[in-house]
Amino acid sequence: MSNFWKKINKPITALAPMDDVTDFVFREIIATIVKPDVLFTEFASADGLFSNGSEKVERKLLFSEIQKPIVAQIWGSNPENFKKAAKLIAELGFDGIDINMGCPDRSIMSKNSGAALINNKDLVGKLIQETRKGSSKLSLSVKTRLDMNPDLTKEWISFLLSQNIDTLIIHGRTAKAMSKGQADWEEIGKAVEIKNKINPEIILIGNGDIKNYKEVEEKHKNYGVDGVMIGRGIFNNPWVFEKSESVNERTKDEYIKLLVTHTKLFNDKWGKDKNFHEMKKFFKIYVKGFKGANILRQKLMQIKNYEEFCSVISSFRE
Ligand SMILES: Cc1cc2nc3c(=O)[nH]c(=O)nc-3n(C[C@H](O)[C@H](O)[C@H](O)COP(=O)(O)O)c2cc1C
């Protein structure tokens, strides 16, 4: 088995999985402008991959060569389907598979999945084992959160670090905290200490509230994490993985160009499969901070399709 994580220089950077956000198209955009070391898909239901309507789930697992190395994230609680999913994901050409053990959404937790797996050691042990059986060639990671009971986080992290995994990603919040408050990097630092004692070979990635590469370096230095995963920071700045601090502020033209590229690719790729309204959540990433941005954004929020988008943009450019 070749563990691609081990070949990357530290600090490793990764784009977080974000459902309905980090789809094929957005990943393609990020990989083209400033690419992180590793990309993750949105989470895909392991059960959904093997049931009616699997096309919708399989869409989450599309990728291109420039998005590699790429990790497919799955969620669920059925070990047999995890084995089948790992086999499929390896056949599709992914570099790694990640098990979601952190999603706080009620609909996921009620299925014994996501953050409901935290400290459910019997089931988690089986899920990891079966995923390994499904493919020996994929790197295997787990993405999780802190336990809602602070006394049990150490136990949970120690358990995961004793499992047959390559990489552990810790979002420094509990499921109850959802995305609120600040991520607890002290707890992530404690996890690094545990890892160094019991299984230093595992790659440990911290996650929560990181906004630029300077902060990636700081967390690497101050807490000893091997790398950092960034999610929402990409909304604030699509060039968030830029290493050089000397890059000037991006210009209006650069933002508009990226908006046009993203929207065109969305239309080309998903025109038949997704409603154009799904593109609208991305507009605020590109249309901000320049003269006329508010008015342009308001106009864009009212359009219904790609043709109307093109017409609004061409009159803005005139
Ligand atoms: C819109 C959205 C969708 C998300 N979807 C997923 C997901 O599918 N799988 C997952 O493990 N985490 C998911 N997350 C959590 C992020 O991966 C990340 O752990 C969290 O946002 C904290 O990192 P950040 O502060 O850098 O955003 C999602 C977060 C957001 C905002």
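Numbers here are sequence positions counted from 1. Counting starts at 1 for both ligands and their atoms, following the listed order.
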Practice item. List every atom of ligand 1 that sits less than 4.0 Å from any heavy atom of A16, numbering the atoms from 1 in the order shown and giving each element. Key: 17 (O)
Review point. To which of P17, A183, G231 does the heavy atom nearest atom 28 (C) of ligand 1 belong?
Key: P17
Practice item. Test the K299-F316 pair against the cation-pi criterion, namely NZ or CZ under 6.0 angstrom from the six-membered ring centroid and within 45° of the ring axis. Key: no
Check your understanding: Near N100, which atoms of ligand 1 are under 4.0 Å from a heavy atom of that residue?
Key -> 9 (N), 10 (C), 11 (O)
Exercise for review: Give me the ring orientation class for W270 and F24: parallel if the planes are under 30° apart, tilted from 30 to 60°, perpendicular past 60°.
Suggested key: perpendicular
Check your understanding: At a 4.0 Å threshold, what atoms of ligand 1 neighbour a non-hydrogen atom of R232?
Key -> 21 (O), 24 (P), 25 (O), 26 (O), 27 (O), 31 (C)
Practice item. Please collect all ring pair (Phe, Tyr, Trp, His ring centres under 6.0 Å) contacts where either partner lies in residues 235-254, sequence neighbours excluded, each pair once. Key: W239-Y255
**Study point:** Which residues share a ring pair (Phe, Tyr, Trp, His ring centres under 6.0 Å) with F94, sequence neighbours left out
**Key:** F63
Review point. When you look for heavy atoms under 4.0 Å from ligand 1, do you find them on the side chain of K143, its backbone, both, or neither?
Key: side chain
Practice item. Please write down residue, atom name and distance for the protein heavy atom closest to atom 5 (N) of ligand 1. Key: D19 N, 2.8 Å
Point to revise | Heavy atoms from other residues, nucleotides or ligands near NZ of K126 exceed 12 (cutoff 6.0 Å) | key: no
Point to revise | Heavy-atom nearest neighbour in the protein, as seen from atom 19 (O) of ligand 1, with distance rounded to 0.1 Å | key: N207 OD1, 2.6 Å
